[in-house]
Amino acid sequence: MINSKTPHCFTLIRAIYTQLSEKEKLIADFFFDHPEKIIHSTINQVAEEVGVADATVFRFTKRLGYKGYQSMKIALASEIITTLKDIHETIDEDDDEKTIAEKVFKSNIRTLEDTLQVLDQHQLQLAVNALVAARKIEIYGNGGSGAIAMDAHHKFLRSGLLTSCYTDGHLQAMSAAQLTEEDVVICISHSGSSRDVIEALEIAKLKGVTSIGITQFGKTPLSEKADISLLTISVETEYRSEALASRLAQLSIIDALYVNVSIRLKERMKTSLQNLRYAITVKRIK
């Protein structure tokens with residue numbers, strides 16, 4: 001459901017672009033190329049211009065989360081068109097190193113801002129409540145998401161909670177089979193369709209385990225199957241994949257969960273940190 005914190009139409013379209021059908025991509029491209037025509041055209045005119053059925057345009061607007069074409073037009077008209085061009089999409093082979101760095105930084109900032117807009121407060125609260133009450137937290141991720149899973153494990157170790165992290169599909173499945181309804185699994189997958197992670201999630205659900213999914217904005221197997229979904233928005237460009245850009249958003253969601261949990265478990269956290277600091281001290285060269 002669209003609300004006051006929903007990102008701009010173009011942000012939504014970019015976020016789900018790779019999930020669109022070929023006809024839907026034609027509509028999306030028309031949005032990008034002729035936003036002013038969208039504002040002043042009827043759904044029939046847009047459909048005729050693009051060469052698709054009216055129903056296809058209507059389904060496209062529904063997929064973005066709007067009630068219909070008219071509500072989407074109202075939202076689009078309220079946006080400042082000149083702000084809709086992303087500087088990170090203009091990276092050129094002739095740019096110098098500093099210019100490319102600036103564009104990458106601005107792209108990262110935009111990813112975080114867009115993700116914050118779609119971060120659902122209720123889902124976040126449910127996730128924090130589940131983690132605080134968990135007997136054990138297991139974190140699953142493969143490939144690039146495996147690195148995020150390891151970071152989450154590293155953070156939650158500091159909270160004093162019992163945590164484990166698995167980046168191998170077989171170990172994920174074996175571990176999930178040993179969990180109970182008192183436990184929580186955090187499944188991380190940008191695509192939301194990682195076979196290993198989804199299979200481990202399904203095993204965990206059979207055991208009554210509460211599941212938290214961290215995945216891209218849109219309808220994915222992970223967002224559909226997880227009890228709690230925390231979504232990210234990132235954009236794919238010629239020199240940077242969508243999954244690569246999403247890492248900062250995923251890390252920030254993990255950070256937000258960790259800080260919230262730490263505040264809830266304040267006294268337990270203090271004891272845990274003291275123990276960790278003592279243990280780490282002996283690892284330093286004096």
Side-chain angles (χ1 to χ4, degrees), residues 5 108-109 111-142 144-167 172 175-176 178-190 197 200-201 204 208-217 222-223 226-234 245-284:
K5 289 192 175 182
N108 289 341
I109 292 170
T111 294
L112 293 176
E113 289 176 340
D114 289 344
T115 296
L116 183 59
Q117 285 190 312
V118 299
L119 189 59
D120 187 285
Q121 182 176 349
H122 180 61
Q123 293 290 294
L124 183 62
Q125 184 179 49
L126 289 176
V128 173
N129 290 343
L131 292 170
V132 169
R135 178 188 70 95
K136 183 179 183 182
I137 301 169
E138 298 220 329
I139 309 161
Y140 305 150
N142 300 96
S145 294
I148 308 299
M150 289 296 296
D151 179 79
H153 175 50
H154 178 261
K155 285 186 172 69
F156 282 108
L157 269 178
R158 298 169 179 268
S159 68
L161 294 172
L162 181 61
T163 72
S164 297
C165 174
Y166 296 98
T167 59
Q172 289 167 356
S175 176
Q178 305 301 317
L179 298 178
T180 73
E181 60 185 16
E182 297 179 327
D183 303 320
V184 172
V185 294
I186 300 176
C187 297
I188 306 171
S189 170
H190 170 70
V197 170
L201 170 60
V209 179
T210 300
S211 55
I212 301 171
I214 299 178
T215 186
Q216 66 174 321
F217 182 86
L222 180 53
S223 66
D227 298 314
I228 304 165
S229 292
L230 301 174
L231 308 178
T232 65
I233 282 188
S234 58
S246 73
R247 290 180 307 160
L248 286 175
Q250 293 172 339
L251 287 169
S252 295
I253 286 177
I254 295 297
D255 285 352
L257 290 173
Y258 168 70
V259 173
N260 271 285
V261 169
S262 298
I263 291 173
R264 295 275 196 91
L265 301 176
K266 186 176 180 180
E267 295 306 317
R268 183 174 177 179
M269 181 76 172
K270 285 182 180 179
T271 301
S272 177
L273 283 176
Q274 288 174 353
N275 293 336
L276 286 173
R277 288 186 183 123
Y278 174 78
I280 293 173
T281 297
V282 301
K283 297 293 184 180
R284 294 173 182 163

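Since we're looking at a predicted model, the values are computed, not measured. The chain is numbered in sequence order, starting from 1.
When every heavy atom of Ala204 is checked against every heavy atom of Ala176, the shortest pair comes out as N-CB, 4.1 Å. Of all heavy-atom pairs spanning Val197 and Gly141, the tightest one is CG2-CA, 4.2 Å. Of all heavy-atom pairs between Leu248 and Leu112, the closest is O-CD2, 3.6 Å. Taking both residues in full, the closest heavy atoms of Arg135 and Thr180 are given as NE-OG1, 3.9 Å, listed atom of the first, atom of the second, then distance. Of all heavy-atom pairs between Thr232 and Ser246, the closest is OG1-CB, 4.2 Å. When every heavy atom of Val118 is checked against every heavy atom of Leu231, the shortest pair comes out as CG2-O, 3.8 Å.
Residues passing the side-chain hydrogen bond (donor to acceptor under 3.5 Å, both in side chains) test with Ser211, sequence neighbours excluded: Asp227. Residues passing the side-chain hydrogen bond (donor to acceptor under 3.5 Å, both in side chains) test with Ser223 are Thr220, sequence neighbours excluded. Remark: Asp151 engages Lys155 in a side-chain hydrogen bond (donor to acceptor under 3.5 Å, both in side chains) (not counting sequence neighbours). Not counting sequence neighbours, Glu113 has no partner by the salt bridge (charged side-chain N to carboxylate O under 4.0 Å, His left out) test. Every residue two or more places apart in sequence or in another chain that forms a side-chain hydrogen bond (donor to acceptor under 3.5 Å, both in side chains) with Ser175 is listed here: Glu138.
Without hydrogens or angle criteria, Gln123 side chain to Ser229 main chain gives a donor-acceptor distance under 3.5 Å. Under a 3.5 Å cut-off, the side chain of Ser189 and the backbone N or O of Thr215 do not form any donor-acceptor pair. Distance alone, capped at 3.5 Å, places no donor-acceptor pair between the Asp183 side chain and the Val209 backbone. Judged purely by atom type and a 3.5 angstrom limit, Thr167 has no side-chain atom pairing as donor or acceptor with the backbone of Asn142.
Here CG of Leu222 is found 12.0 Å from NE2 of His190. Values are rounded to the nearest 0.5 Å. Atoms OH and CD1, on Tyr140 and Ile188 in that order, are 12.0 Å from each other to the nearest 0.5 Å. From Met150, atom CE reaches atom CD1 of Ile139 across 9.0 Å, with rounding to the nearest 0.5 Å. Taken to the nearest 0.5 Å, the CG atom of Leu251 stands 4.0 Å off from the CD1 atom of Ile148. Once rounded to the nearest 0.5 Å, the distance linking OG1 of Thr115 with CG of Leu119 reads 8.0 Å. Distance CD1/Ile212 to CG/Leu124: 9.5 Å, rounded to 0.5 Å.
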* To do: Check the pair Arg264, Asn129 against side chain to side chain contact (heavy atoms under 4.5 Å, CB included), reporting the backbone distance first and the verdict last.
  => CA-CA 9 Å; Arg264 295 275 196 91; Asn129 290 343; 2.8 Å; yes
* **Step-by-step side chain to side chain contact (heavy atoms under 4.5 Å, CB included) determination, Leu131 to Asn260** => CA-CA 10 Å; Leu131 292 170; Asn260 271 285; over 6 Å; no
* Check the pair Ile214, Ile254 against side chain to side chain contact (heavy atoms under 4.5 Å, CB included), reporting the backbone distance first and the verdict last. => CA-CA 9 Å; Ile214 299 178; Ile254 295 297; 3.6 Å; yes
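In this model, no donor atom of one side chain and acceptor atom of the other lie less than 3.5 Å apart for Asp255 and Ser252.
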Counting only pairs under 3.5 Å, give me each side-chain donor-acceptor contact of residues 157-165, with atom names and distances, residues two or more places apart or in other chains.
residue, atom, partner, partner atom, Å
Ser159, OG, Phe156, O, 2.6
Ser159, OG, Leu161, N, 3.3
Thr163, OG1, His153, ND1, 2.8

